[in-house]
Participant: 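One structure, as structure tokens, below. Some questions next.
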Number of protein chains: 2
Amino acid sequence: MPQAPSKAGSATADEIRQAALEQFAQSGYDASSMRDIAASVGIKAASLYNHFDSKEEILWDVTRSAMSDLAANRDEALARLGPGAGPRAQLAAFVSAHVGFHAERRHQAVLVNSQLGSLSQSHRRKAVALRDEYENSLRMIIDAGVASGEFNVFDAQVATLAILQMGTGVSVWFRPDGRLSIDQVGAQYVKLALAVVSQQVR
Amino acid sequence: MPQAPSKAGSATADEIRQAALEQFAQSGYDASSMRDIAASVGIKAASLYNHFDSKEEILWDVTRSAMSDLAANRDEALARLGPGAGPRAQLAAFVSAHVGFHAERRHQAVLVNSQLGSLSQSHRRKAVALRDEYENSLRMIIDAGVASGEFNVFDAQVATLAILQMGTGVSVWFRPDGRLSIDQVGAQYVKLALAVVSQQVR
DNA sequence: GTCTATATATCGATAGAC
DNA sequence: GTCTATCGATATATAGAC
């Protein structure tokens with residue numbers, strides 16, 4: 001049964017999303033042609049336009065879903081803690097989820113962190129807003145820990161960015177068949193993050 | 001007096017390097033056209049070929065000099081310590097130099113960290129070798145600190161990458177007219193790095 | 001929904017006058 | 001060393017047959 005263009009339920013559209021994601025993450029948006037994407041799905045370039053209006057719409061689709069998945073992954077991890085969890089438990093849950101995502105779904109992570117500049121102005125604004133929300137949710141955990149006296153940081157914003165960026169970097173070097181498992185890497189970075197928010201007052 | 005093509009001393013070649021660096025760092029290599037680069041220098045695209053053999057040669061030129069400057073910046077910082085410095089002083093000097101470079105020369109830093117994939121295979125191999133040398137020089141400092149008992153890390157390679165990547169991230173958010181000075185940011189990250197290599201044994 | 005064929009634009013790079 | 005003019009390749013996107 002045929003589907004309307006760009007509908008989420010189309011099997012072909014999902015194949016296009018998957019192929020575009022890998023191409024964009026590996027070679028970059030500009031270096032990935034519609035012909036390449038179509039070829040890896042098994043169709044011709046013109047047929048892509050039955051599913052997406054433009055190449056940029058494909059980029060936005062995969063970018064938005066990647067950022068949505070990242071936030072949902074965080075929400076689930078925090079929800080598992082229950083309402084009474086303190087800042088240390090929240091920070092551990094956030095970092096574990098953050099690093100786990102960047103290891104397990106590194107193609108999506110690399111895409112979000114390297115191809116935002118290729119989005120249209122309108123879509124880029126939305127992506128930046130989603131990124132700011134994600135960043136701010138970590139900032140609020142750190143602020144709560146500082147307020148309760150459980151954390152010590154010289155600058156909460158620097159600590160926020162440092163924790164996020166070292167975790168994001170996992171998507172660059174992690175390999176599924178490497179020396180460390182996802183759980184091992186996640187546990188490592190939880191310890192590193194706790195070290196960052198436990199700075200000596202001196 | 002005219003210069004031979006691609007010679008380092010040419011004033012026009014330097015203008016091309018500067019213009020290309022900013023274009024590549026801001027818009028990416030593929031999205032930067034030879035016409036754009038030429039226009040910001042005040043010449044036509046064809047005239048660029050009197051100074052560089054190809055667009056990729058320009059990318060390699062600015063990439064190589066950026067990576068060379070980064071390593072030289074590190075060497076100077078370590079040399080200032082003198083021969084008797086211990087791992088803690090070496091780590092502080094490394095991180096201060098690393099973060100200082102990524103704040104002060106963020107265009108060059110962004111270029112190196114985002115456009116390596118657009119280099120030719122031969123040039124990319126050389127760039128990766130330079131990056132590995134840089135990464136390994138930090139790894140050796142951490143290994144020395146672990147061996148002497150001054151550092152405690154769960155995994156030396158993870159600690160190395162975490163320190164490098166959080167410092168590299170400064171090039172993304174730092175603004176010269178922002179809230180923090182380069183020296184303030186450098187001092188912050190020295191403390192964060194020392195926290196990373198002072199993990200509780202538990 | 002796929003295909004072939006093509007419109008239209010822009011790219012890197014070259015030729016040759018000055 | 002700059003320019004104008006242009007080549008040849010490739011890009012996104014569209015038109016219309018099936």
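Chain naming here is simple, since letters A, B, ... match the order of the sequence lines and numbering starts at 1 in each. On a predicted model such as this, the values are computed, not experimentally measured, just so you know.
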Participant: Could you tell me how far apart B:Met34 (CE) and C:dT10 (P) are, to the nearest whole angstrom?
Facilitator: 18 Å
Participant: Quick check on C:dC3: is either OP1 or OP2 less than 4.0 Å from any side-chain nitrogen or oxygen of A:Ser47?
Facilitator: yes
Participant: Which pairs with one or both residues in residues 36-45 of chain B pass side-chain hydrogen bond (donor to acceptor under 3.5 Å, both in side chains), sequence neighbours excluded?
Facilitator: B:Ser33-B:Asp36
Participant: Round to the nearest Å and state the distance from A:Ile58 atom CD1 to D:dA11 atom C1'.
Facilitator: 14 Å
Participant: Starting at atom CD of A:Glu56, determine the distance to atom C1' of D:dT12, rounded to an integer number of angstrom.
Facilitator: 13 Å
Participant: Hey, could you give me each pair passing ring pair (Phe, Tyr, Trp, His ring centres under 6.0 Å) that has a residue in residues 165-189 of chain B? Not counting sequence neighbours.
Facilitator: none
Participant: Charged N to carboxylate O below 4.0 Å: is that the case for B:Glu133 and B:Arg74?
Facilitator: yes
Participant: Scan residues 22-31 of chain B against DNA chain C and write down, sorted by residue number, each residue with any heavy atom closer than 4.0 Å; if none is found, say none.
Facilitator: none
Participant: For the pair B:Glu57 (side chain) and B:Phe52 (backbone), establish whether a donor and an acceptor sit closer than 3.5 Å, ignoring hydrogens and angles.
Facilitator: no
Participant: List every contact pair, protein side and nucleotides 5-8 of chain D side both N or O, where the distance is under 3.5 Å.
Facilitator:
none

Participant: What is the distance from CD of A:Glu57 to C1' of D:dT12, rounded to the nearest Å?
Facilitator: 14 Å
Participant: Return each pair, listed once, that meets side-chain hydrogen bond (donor to acceptor under 3.5 Å, both in side chains) where at least one residue sits in residues 76-92 of chain A; pairs must be two or more places apart or across chains.
Facilitator: none
Participant: Can you list everything that forms a ring-ring contact (aromatic ring centres under 6.0 Å, His included) with A:His107? Sequence neighbours excluded, please.
Facilitator: none
Participant: Report the distance from atom NZ of B:Lys55 to atom C1' of D:dA9, rounded to the nearest whole Å.
Facilitator: 14 Å
Participant: I'd like to check the salt bridge (Lys or Arg N to Asp or Glu O under 4.0 Å) partners of A:Arg106; sequence neighbours left out, ordered by chain and number.
Facilitator: none
Participant: Show me the donor-acceptor pairs within less than 3.5 Å that the side chains of residues 153-164 of chain B make with the rest of the protein, sequence neighbours left out.
Facilitator:
from	atom 1	to	atom 2	distance (Å)
B:Asp155	OD1	A:Arg179	NH2	3.2
B:Asp155	OD1	B:Gln157	N	3.0
B:Asp155	OD1	B:Val158	N	3.0
B:Asp155	OD2	A:Arg179	NH1	2.7
B:Asp155	OD2	A:Arg179	NH2	3.2
B:Gln157	OE1	B:Arg139	NH1	2.7
B:Gln157	NE2	B:Glu135	OE2	3.2
B:Thr160	OG1	B:Ala156	O	2.8

Participant: Looking only at the side chain of A:Ser33 (C-beta and beyond, no hydrogens), which of the listed nucleotides D:dA13, C:dC3, D:dT12 gets closest?
Facilitator: D:dT12
Participant: Roughly how many Å is it from OH in A:Tyr49 to P in D:dT14, rounded to a whole number?
Facilitator: 7 Å
Participant: Taking only residues two or more places apart in sequence or in another chain, which ones pass salt bridge (Lys or Arg N to Asp or Glu O under 4.0 Å) with B:Arg131?
Facilitator: none
Participant: Tell me: NZ of A:Lys44 to C1' of D:dA15, nearest whole Å?
Facilitator: 18 Å
